[in-house]
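Read the structure below first, then the notes.
We count ligands from 1, going down the list as the structure has it; atoms in each ligand are counted the same way.
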Amino acid sequence: MDDGELFHTVTAGKNQMPAYAPQVTVTDRWAVIAYIRALQRTRLGTLDDVPEELRASLKP
Ligand code: HEM
């Protein structure tokens, strides 16, 4: 999903998921989306994302 689709789902709800617009401000809803993206990046990152001079320090 792109960012707008995630934001819309939280804002308006979908099927069994309720809308969170009444409880979560627009700014905080976007912050939730940014947090989801940060979580995704921690899972999808590879050694190639780390500057070359720091890679050795991450290897076991
Ligand atoms: C603000 C954080 C949340 C985000 C970003 C989020 C996002 C999503 C997304 C993207 C989907 C998939 C919609 C689709 O299939 O197209 C979904 C489904 C769902 N969410 Fe959430 N959600 C959030 C919070 C919650 C909470 C707190 C609950 C429960 C109280 C909840 C309950 C559900 C349920 C039951 C579905 C399945 C809806 C269905 O297809 O019947 N969500 N959510």
Review point. Roughly how far apart are Ile33 CD1 and Thr9 OG1, rounded to 0.5 Å?
Key: 8.0 Å
Revision key, fill the gap. The reported gap from CD in Glu5 to NZ in Lys14 (rounded to nearest 0.5 angstrom) is 5.5 Å
Check your understanding: Near Gln23 CD, under 6.0 Å, is it more than 12 heavy atoms from other residues, nucleotides or ligands?
Key -> yes
Review point. Is there side-chain contact between Leu58 and Val50, with heavy atoms separated by less than 4.5 Å?
Key: yes
Where does ligand 1 get N/O contacts under 3.5 Å from the protein, atom by atom?
unit_1	atom_1	unit_2	atom_2	d
ligand 1	16 (O)	Lys14	NZ	2.7
ligand 1	40 (O)	Asn15	ND2	3.2
ligand 1	41 (O)	Gln16	N	3.0

Review point. Do the side chain of Arg55 and the main chain of Leu47 share a donor and acceptor less than 3.5 angstrom apart?
Key: yes
Check your understanding: Just by distance, with hydrogens left out, do Arg43 and Gln40 show a side-chain donor and acceptor under 3.5 Å apart?
Key -> no
